[in-house]
Amino acid sequence: MEDIEQTLRDWLQEACDGVSEAFLMDAASLTEPQQEPFENLAVVGFTGDNFRGSLGVSADWRLLQNFLKQLHPDKPEIPHGMMLDTLGEIANQVLGRLKNSLSSHGVDVTMTPPTVIRGLRIVIDGTRQGFFLRQDLDSPFGPLSAWLDAKGTEDLVLKPTEQSTEEGEMLLFF
Amino acid sequence: MPKTVLIVDDSATVRQQVRMALTAAGYTTVEAVDGQDGLDKIRNNSAVSMVICDVNMPRMNGIEMLRAVSGEGLRPGLPIVMLTTEGSPALIRDAKAAGAKGWIVKPFKPKMLIAAVQKLAG
């Protein structure tokens, strides 16, 4: 299980780094966690035969605002609803990357649509039933934190199988 | 006259990213927030000449929408490309069997998306 935990940790870091690049965050991985509590959270659940759990992401409003200002240069102010939608999509894409890594190692899971919440003091504690991994990134526009809270069955193994199509790849069928 | 591309995604952020890329390349866009909304817009908007569709969405997912379009015999030849975080070979096979013409894994590169649209929609 220690090997699996390290592999999941590596995949979570790769997923966060990849998504950070895609969302123009110019972020770098941190070894020390960011300070809680947070003011927003997006959670995506996943379930499969031998692995299930959830992935959460929280980000500084400034970071979300910076990304959205580039998408909506005509808007003087970015509403919180738009920022929460973007946060949900970030969580969706981080878990999507993890899911593809799992899938190419024989573990198939199904994802739920993201749930996003806005709060005053959100503290993440985890279910403490299996793996609880956290990845923190810092950027010029503030931090982003991601958690993987997951549980595997005793027979869970990660064994390379059929390769998934990777992020940014395109297939056309004729 | 610019061609119209239907963007089906439950994330407003992704719809805006795709819209920006397509309008910059001279296309007109229409949007739908899930598979059911996408299906309704394919039924009711004859100007749509291509569809870019997410997979995981509430109400009706992208694969279900593809099957509904094929099952109803709606707009034969209308190219539908899936744009999703999913990269699993089994899902890609399902989408191809249901009539998808392409599969792009998010995050997408605008140039690649435009190349796909130009190839399939002209």
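Proteins come first, then strands; the chains are lettered A, B, ... in the order of their sequence lines, and each starts at number 1. From a predicted model like this one, the values you see are computed outputs, not experimental measurements.
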Counting only heavy atoms not in B:Asn45, do more than 12 sit closer than 6.0 Å to its CG atom?
-> yes
For atom NZ of B:Lys41, decide whether the heavy atoms of other residues, nucleotides or ligands shown that lie under 6.0 angstrom number more than 12.
-> yes
Side-chain heavy atoms under 4.5 angstrom apart, residues restricted to Ile, Leu, Val, Met, Phe, Trp, Tyr: same cluster for [X] and [Y]?
{"X": "B:Ile52", "Y": "B:Ile42", "answer": "no"}
{"X": "A:Leu55", "Y": "A:Leu63", "answer": "yes"}
{"X": "A:Ile90", "Y": "A:Leu148", "answer": "yes"}
{"X": "A:Phe131", "Y": "A:Val57", "answer": "yes"}
{"X": "A:Val94", "Y": "A:Phe46", "answer": "yes"}

Where does [X] contact chain A at under 4.5 Å (heavy atoms): side chain, backbone, both or neither?
{"X": "B:Ala95", "result": "neither"}
{"X": "B:Leu120", "result": "side chain"}
{"X": "B:Met112", "result": "both"}
{"X": "B:Lys101", "result": "both"}

Between B:Lys106 and A:Glu89 the two heavy atoms that sit nearest each other are NZ-OE2, 3.4 Å
Roughly how far, to the nearest 0.5 Å, is [atom2] of [Y] from [atom1] of [X]?
{"X": "A:Gln93", "Y": "B:Thr84", "atom1": "CD", "atom2": "OG1", "answer": "9.0 Å"}
{"X": "A:Phe173", "Y": "B:Ile80", "atom1": "CZ", "atom2": "CD1", "answer": "12.5 Å"}
{"X": "A:Asn92", "Y": "B:Asp10", "atom1": "CG", "atom2": "CG", "answer": "7.5 Å"}
{"X": "B:Thr85", "Y": "A:Met111", "atom1": "OG1", "atom2": "CE", "answer": "4.5 Å"}
{"X": "B:Gln17", "Y": "A:Gln70", "atom1": "CD", "atom2": "CD", "answer": "11.0 Å"}
{"X": "B:Thr13", "Y": "A:Leu68", "atom1": "OG1", "atom2": "CG", "answer": "5.5 Å"}

Looking at side-chain heavy atoms only, is the closest gap between A:Thr112 and B:Asn56 below 4.5 Å?
-> no
Report yes if the side chains of A:Arg97 and B:Pro107 come closer than 4.5 Å at any heavy-atom pair, otherwise no.
-> yes
A:Asp85 side chain to B:Ser11 backbone, donor-acceptor under 3.5 Å = no
Heavy atoms only, distances under 4.5 angstrom: which of A:Leu71, A:Asn100, A:Leu172 has the most pairs with chain B? Name it, please.
-> A:Leu71
Largest heavy-atom contact set with chain A, pairs under 4.5 Å, which of B:Lys119, B:Lys109, B:Met82, B:Glu86 | B:Glu86
Who among B:Ala100, B:Ala115, B:Pro58, B:Ala90 has the most heavy-atom pairs with chain A under 4.5 Å?
-> B:Ala100
